Engineer: 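One structure, as C-alpha cells, below. Some questions next.
One is the number of the first residue; the rest follow in order along the sequence. Bear in mind the structure is a predicted one, so any value in this text is a computation, not a measurement. Counting convention: from 1, in listed order, for ligands and their atoms alike.
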Amino acid sequence: MERMDVHSASRPGEARVRHLDLDLDVRFDTRTLEGSVRLTFDRTTSNELILDTRDLTIHSVENAAGFHLGPAHPALGAPLHIRLAPGDGTPRQDWVRVHYSTAPGASGLQWLDPPQTAGKQHPFLYTQSQAIHARSWIPVQDTPSVRVTYTAKVKTPSGLRAVMGAEMHGDYFQMDQPIPSYLIALAAGDLAFRAMGPRSGVYAEPSVVERAAEEFSDTEAMISAIEEMYGPYRWGRYDLLVLPPSFPFGGMENPRLTFTTPTVLAGDKSLVSLVAHELAHSWSGNLVTNATWSDFWLNEGFTVYVERRVLERVYSTPREEMEAVLGRHELDREMAGLPEGDRVLHLNLDGRDPDEGCTLVPYEKGALLLRTIEHEVGREAFDRFLRSYFDHFAFQSITTADFLAYLAAELPNSVDLNAWIYRPGVPPGAAEPHSDAFTKVESGWPADTSGWTTQEWLHFLRFQTDPDMARLDREFRLSDSRNSEILHQWLLMSVRSGYAPGVERIEGFLCSVGRRKFLKPIYSELMKTPDGQALARKIYSKARAGYHPIAQATIDGIVA
Ligand code: BES
Ligand code: ZN
C-alpha cells in the first residue's frame, strides 16, 4: 500500500488510531514524562499496529502479543511495531496500552529551570508537537492525516498547574473533537489566569498575566470577525498561554489554547497580528488540516489570508495593507535565497525534515494566491466559497489535490493554479498589495514620526539601503527600542553595518530570547565576517542551553 505521509511509519490504512487516554506524571527532577497511553484503534485484516516514536523508552504494552522498536531514523525516530492478538479478519475496534518514559532531551519538550521563567522561582515545561515532535512525548500515529480524540490525566508537583489544549477540569483534560497529533499540547508551571471575554482568557506567569490580558483584549472582537465571515468558532473556548521567552515560535495554534511568545507583548497591541493568525488556524488548520507536510500551505497560506482579513475588520484597511506589504517584501527576500524546489507551494519533502519546508513560501505565497483568486472572482464570491470550504471539510485532513478539485467545482476561475502551486516563484498577475502609508515613509528623512506605527518603523528601516546608523540612533533611540520586532530589525542592521552600539546589545538579546525567527537572521548575519563569527560562537556557547531543542538544531546548523 502506498504511504501517504512520508514522515510517518504508521500505516493508518491497516489500523487507525481513533482515541487516546493519557496518564502522565510530569517529573521535573528527571526531566521526563512517565506514564502510559491507551490507544483505541480500528483494525482491519492486519495483525500489527505501528506507532511513531522518537527517543521514547517503551516499558511494556498491554493487550498485545508482543512489540519491538525498529531502527531509529535521524529525522523520523523509531517505529514501534505492536503485534496484536490475531483477529478473525473482520474489521473491529481494539485497544493497547503503552507504558513509557520520555527522554530528557525529547525534541518536543522544553524543560526550563526557574531562572528561565519570569518569576524565577519555579520550573516550567511545555510541549511543541508540530510538525513531527508529538512522537517524542507520546507514541502515536504521528501524521496529520490521522485525527484522534483524547483524555489526559496529568500529575504535576504541588503548586504547579498543568494546562492542555483541551477542555480543562483541574488535572483532567478532555478533547472530544478529533484533532491531528501535532495539535496535542501540554504545559506546566506557575500559571495564573485572567478572563478577557465570555469565552476567552489568558494563562501566563503571575507577573505577566495582567499585561498579556491588556495586550490581547481585542481577542473576542477577532473571534466575532472570523465568525461573521467564515462560520461559527467550533472549539468552545479560545484561550492563550504566554510562554517564557525561549519559546521557539511566535505562536502555536493548539486547539482552545494558543501558545505564544512573550515577545509580542509590546504594550501597544502592535504585534497582535499573531493572535489573529493563531486564532484563524481554528478554521484553517485545526478544522481543515493539511493531510501531509507537503500540503502545509493549506494550513499557513489560508491562515495568513484570514489573519489579514481580521486585521482589516478589527483595525483598519491601512493596517492590513501595511502588514500585507511587509509580508510581500519578506517573501521576496527569503525566496531569493531558496532553491527553486522550495519556491513552490506543494513541497517535495521526501527524505527531509518537514521543518525545512517552513519558509515564508507556504505563508506569504499561499496567502497571495488566495488574494489573487479573491480579486479575480470578487470578495463576496470568495468569502462564500471559503465558508463552504470550512464546512465541507470540517474535521478532515485534506491534500492540495482535494482543495483544487473542490475549488474547480465550486468556484471556477482563470487563475493559473498549476503555476502557483507547482512552479517556483510568484506568477504574473498576482494581486500585489499596496500601502499609501508606506509610500510616505519612503519619501526621504521623516519630518514627524510621532504617529508612526510599528509597521511604518519596520518598513522605514528595511527601506534604508545605506543607513546612517548613528543619526538614526541619535534621533530615534532605536538601540533602546522595547518593541521586539523593531529592535530585532535594528540589531540586524547593526551587524550588517558594524554599528558598535547596536552590536553591543546583541548578546543581551540573543541570551534572553529563543524565538527562532529572531535568532536565525542575526546568527546568519554574524557568520558572514570573521569578527562576527567569533562573536556568534561566544554568544552561542552561553545562550545555547537556554534555547529549545528545535532552535538549537537550527542554530547548530548556522554556527557549526
Ligand atoms: N503553526 C505555526 C508554527 C509552526 C509551523 C510550528 C511549523 C512548527 C512547524 C504557527 O501558526 C505560525 O505560523 N507561527 C508563526 C507566527 C505567525 C504570525 C506567522 C511564527 O511562529 O513565527
Ligand atoms: Zn500559522
Engineer: Please state which protein non-hydrogen atom is closest to atom 20 (C) of ligand 1 and give its distance, to 0.1 Å?
Structural biologist: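 So the nearest neighbour among protein heavy atoms is Gly250 N, 3.4 Å.
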
Engineer: Which heavy atom of Leu331 sits nearest a heavy atom of Leu360, and at what distance?
Structural biologist: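 Heavy-atom minimum between the residues: CD1-O, 3.8 Å.
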
Engineer: Hey, does Tyr182 sit under 4.0 Å from ligand 1 if you only count heavy atoms?
Structural biologist: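 Tyr182: no contact with ligand 1 (<4.0 Å).
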
Engineer: Which of the numbered atoms in ligand 1 are under 4.0 angstrom from any heavy atom belonging to Glu253?
Structural biologist: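 Every atom of ligand 1 under 4.0 Å from some heavy atom of Glu253: 1 (N), 2 (C), 10 (C), 11 (O).
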
Engineer: Could you measure the distance from the CD atom of Glu320 to the CZ atom of Arg308? Nearest 0.5 Å is fine.
Structural biologist: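 Those atoms lie 7.0 Å apart.
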
Engineer: Give the atom name of whichever N/O/S atom in Glu300 sits closest to the Zn ion (ligand 2).
Structural biologist: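 Output for this pair reads OE1.
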
Engineer: To the nearest 0.1 Å, how far is atom 11 (O) of ligand 1 from its closest protein heavy atom, and which atom is that?
Structural biologist: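 The closest one turns out to be Glu278 OE1, 2.7 Å.
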
Engineer: Provide the atom name of the closest N, O or S atom of His281 relative to the Zn ion (ligand 2).
Structural biologist: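 So the atom name we want here is NE2.
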
Engineer: Name the closest protein heavy atom to atom 10 (C) of ligand 1, giving the residue it belongs to and the distance to 0.1 Å.
Structural biologist: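 For atom 10 (C) of ligand 1, the nearest protein heavy atom comes out as Gly251 O, 3.2 Å.
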
Engineer: Which atoms of ligand 1 are found less than 4.0 Å from any heavy atom of Phe296?
Structural biologist: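 In order of numbering, the contacting atoms are 5 (C), 7 (C).
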
Engineer: Identify, by name, the N, O or S atom of His277 lying closest to the Zn ion (ligand 2).
Structural biologist: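 Within His277, restricted to N, O or S, the Zn ion (ligand 2) is closest to atom NE2.
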
Engineer: Could you pull out, from Phe249, Phe259, Phe247, Phe518, the option with a heavy atom nearest to atom 8 (C) of ligand 1?
Structural biologist: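 It is Phe249 that holds the nearest heavy atom.
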
Engineer: Looking at the Zn ion (ligand 2), is one of the N, O or S atoms of Glu278 less than 2.8 Å from it?
Structural biologist: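 So Glu278 does not count as coordinating the Zn ion (ligand 2).
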
Engineer: Of Gln116, Gln110, Arg515, which meets side-chain hydrogen bond (donor to acceptor under 3.5 Å, both in side chains) against Ser246?
Structural biologist: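 The single option meeting the side-chain hydrogen bond (donor to acceptor under 3.5 Å, both in side chains) with Ser246 is Gln110.
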
Engineer: Hey, could you give me the CG/OG distance between Leu287 and Ser282, rounded to the nearest 0.5 Å?
Structural biologist: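 Those atoms lie 8.5 Å apart.
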
Engineer: Does only the side chain of His281 get under 4.0 Å from ligand 1, or the backbone, or both, or neither? Count heavy atoms.
Structural biologist: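 The answer is the side chain.
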
Engineer: If the plane angle is over 60° it's perpendicular, under 30° parallel, otherwise tilted; pick one for Phe390 and Tyr230.
Structural biologist: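 Perpendicular: the ring planes of Phe390 and Tyr230 meet at over 60°.
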
Engineer: Students should be able to answer this: which protein heavy-atom is nearest to atom 13 (O) of ligand 1, and at what distance?
Structural biologist: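 Looking only at protein heavy atoms, the one closest to atom 13 (O) of ligand 1 is Tyr363 OH, 2.7 Å.
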
Engineer: When you measure from the heavy atoms of Arg516 to every atom of ligand 1, does any distance fall below 4.0 Å?
Structural biologist: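 No.
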
Engineer: I need the atoms of ligand 1 closer than 4.0 Å to a non-hydrogen atom of Gln128, numbered in the order shown.
Structural biologist: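 Listed by number with element: 6 (C), 8 (C).
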
Engineer: If only side-chain N and O atoms count, and only distance matters, is there a donor-acceptor pair under 3.5 Å linking Ser145 with Asp5?
Structural biologist: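 No, no side-chain donor-acceptor pair sits under 3.5 Å.
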
Engineer: Do you know which two heavy atoms are closest between Val154 and Met164, and how far apart they sit?
Structural biologist: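 Heavy atoms of Val154 and Met164 come nearest at CG2-SD, 4.1 Å.
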
Engineer: On the 0 to 90° scale, with breaks at 30° and 60°, tag the Phe509-Phe518 ring pair as parallel, tilted or perpendicular.
Structural biologist: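 Judged by the thresholds at 30° and 60°, the geometry between Phe509 and Phe518 is tilted.
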
Engineer: When rounded to the nearest 0.5 angstrom, what is the spacing between CD1 in Ile179 and CG in Asn286?
Structural biologist: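 So the CD1 of Ile179 and the CG of Asn286 are separated by 8.0 Å.
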
Engineer: Under 3.5 Å, is there a donor-acceptor pair linking the side chains of Ser481 and Trp457?
Structural biologist: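 Checked: Ser481/Trp457 side chains show no N/O donor-acceptor pair below 3.5 Å.
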
Engineer: For Phe216 and Tyr238, I'd like to know if the aromatic rings sit close, meaning centre-to-centre distance below 6.0 Å.
Structural biologist: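 No: the rings miss the under 6.0 Å criterion.
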
Engineer: Within ligand 1, which atoms have a heavy atom of Cys358 less than 4.0 Å away?
Structural biologist: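 Once the distances to Cys358 are compared, the set is 5 (C), 7 (C).
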
Engineer: Does a side chain donor of either Asp295 or Thr400 reach within less than 3.5 Å of an acceptor in the other side chain?
Structural biologist: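 Yes, a side-chain donor-acceptor pair sits under 3.5 Å.
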
Engineer: Any idea which protein heavy atom is nearest atom 2 (C) of ligand 1, and the distance to it?
Structural biologist: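 Minimum-distance protein heavy atom for atom 2 (C) of ligand 1 reads Glu300 OE2, 3.4 Å.
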
Engineer: Checking contacts here: is it the side chain or the backbone of Gln130 that comes within 4.0 Å of ligand 1, counting heavy atoms only? Could be both or neither.
Structural biologist: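 Both of them.
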
Engineer: Please determine if Asp355 has a nitrogen or oxygen closer than 3.5 Å to a nitrogen or oxygen of ligand 1.
Structural biologist: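 The answer is no, given that Asp355 and ligand 1 share no N or O pair closer than 3.5 Å.
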
